[in-house]
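Everything below concerns the one structure shown next.
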Amino acid sequence: QKEVEQDPGPLSVPEGAIVSLNCTYSNSAFQYFMWYRQYSRKGPELLMYTYSSGNKEDGRFTAQVDKSSKYISLFIRDSQPSDSATYLCAMSDTGRRALTFGSGTRLQVQP
Amino acid sequence: DVKVTQSSRYLVKRTGEKVFLECVQDMDHENMFWYRQDPGLGLRLIYFSYDVKMKEKGDIPEGYSVSREKKERFSLILESASTNQTSMYLCASSSPDRETQYFGPGTRLLVL
């Protein structure tokens, strides 16, 4: 079983829809949670960063962490065709400098 | 803005060749990482370095080595390339007090 599970998609939604992307994990030591966006043939870019449980909002993006359920989410409001990309969740514990990634969810926003 | 650059966007090599992938960051970050990315498997850590001349194995170090002679530069070496090393290779860097990593554009390596 992978440490981080993420549905690969593809997830196809119409423009303007609310998108929900999710990851589950098994390692209760994870404290730091990130979402990266990766456009085709590019490197991942950091989208959201959250420490421990709770919500964080940045424009149209909201990240949620529920440590009791070992479940994290990324919500995208008013989705745009430019949001079409692969979204990777990543996490780490306090003792390890490297990140553990999910396999990524491919999102397609149809105009 | 953090900038991480990788020496090549695309590389084609023959089985058995020695391959060097170079990564340079301009933010004076102590930590640097090499990942490979394959469909359905996500990013897997090959090696990382938290200081000059220091290195640690990641999850899949077999067939790879690394070199960090200067703080800004981290090299990944495939001693004898094999077809199963065909992949996208991503370099990243971070500062020691932050978990967030910044990635380069990646190198697509094809081993024939």
Side-chain angles (χ1 to χ4, degrees), chain A residues 1-10 21-27 29-52 56 58 61 63 65 72 74 85-106, chain B residues 1-6 8-10 21 23-25 27 29-51 54-61 66 74 87-109:
Chain A
Q1 185 185 2
K2 292 181 182 177
E3 255 189 315
V4 180
E5 298 278 359
Q6 187 174 8
D7 188 329
L21 303 167
N22 312 292
C23 288
T24 59
Y25 62 94
S26 56
N27 186 347
F30 287 144
Q31 298 275 1
Y32 303 91
F33 303 92
M34 281 141 271
W35 286 95
Y36 284 83
R37 178 175 61 195
Q38 186 176 22
Y39 291 114
S40 180
R41 302 188 182 280
K42 298 285 179 68
E45 57 177 327
L46 180 66
L47 202 55
M48 298 286 282
Y49 167 75
T50 311
Y51 170 67
S52 195
K56 185 172 184 178
D58 184 2
F61 299 90
V65 175
I72 69 171
L74 177 71
T86 296
Y87 290 80
L88 299 153
C89 63
M91 45 199 81
S92 73
D93 60 34
T94 54
R96 177 173 157 91
R97 295 179 178 88
L99 298 175
T100 301
F101 283 85
S103 55
T105 299
R106 190 155 63 93
Chain B
D1 278 353
V2 176
K3 190 165 185 184
V4 180
T5 56
Q6 294 183 229
S8 305
R9 293 300 305 274
Y10 301 96
L21 302 181
C23 175
V24 177
Q25 51 94 4
M27 283 303 293
H29 283 167
E30 279 78 3
N31 302 333
M32 296 188 74
F33 308 83
W34 275 106
Y35 296 88
R36 64 177 282 177
Q37 185 176 29
D38 301 288
L41 297 177
L43 276 75
R44 292 179 292 166
L45 182 66
I46 304 171
Y47 267 97
F48 66 101
S49 168
Y50 50 86
D51 203 351
M54 305 298 284
K55 62 185 179 185
E56 285 193 28
K57 292 180 180 179
D59 300 318
I60 51 164
V66 290
F74 192 34
S87 187
M88 170 77 138
Y89 289 88
L90 289 159
C91 175
S93 72
S94 71
S95 58
D97 58 341
R98 293 294 301 272
E99 280 66 27
T100 51
Q101 295 181 13
Y102 298 89
F103 284 84
T107 296
R108 286 195 173 271
L109 173 66

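Chain naming here is simple, since letters A, B, ... match the order of the sequence lines and numbering starts at 1 in each.
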So which part of [X] gets closer than 4.5 Å to some heavy atom of chain A, the side chain, the backbone, both or neither?
{"X": "B/R108", "value": "side chain"}
{"X": "B/L90", "value": "side chain"}
{"X": "B/Y47", "value": "neither"}
{"X": "B/Q6", "value": "neither"}

Chain B contact via A/Y51 - which portion, at a heavy-atom distance below 4.5 Å =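 No part of A/Y51 comes within 4.5 Å of chain B.
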inquiry  = To the nearest 0.5 Å, what is the distance between OG on B/S49 and CE on B/M32?
reply    =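 Reported to 0.5 Å precision, the distance equals 8.0 Å.
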request  = Mind checking side chain to side chain contact (heavy atoms under 4.5 Å, CB included) for A/E3 and listing every partner two or more places apart, or none if nothing turns up?
outcome  =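 Result, side chain to side chain contact (heavy atoms under 4.5 Å, CB included) vs A/E3: A/S26, A/N27, A/F30, A/T100.
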Test side chain to side chain contact (heavy atoms under 4.5 Å, CB included) applied to A/S40 - qualifying residues, sequence neighbours left out =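 None.
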ask   = Under the 3.5 angstrom rule, does the side chain of A/S52 hit a backbone N or O of A/Q31 as a donor-acceptor pair?
value =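 Side chain of A/S52 to backbone of A/Q31: no pair is present.
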query = Between A/P44, A/P8, A/G102, which residue shows the highest count of heavy-atom pairs closer than 4.5 Å to chain B?
reply =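 Heavy-atom pairs under 4.5 Å are most numerous for A/P44.
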query = Which is it for A/T105 and A/D7 under the side-chain hydrogen bond (donor to acceptor under 3.5 Å, both in side chains) test, yes or no, and what are the steps along the way?
reply = CA-CA 6 Å; A/T105 299; A/D7 188 329; 5.6 Å; no
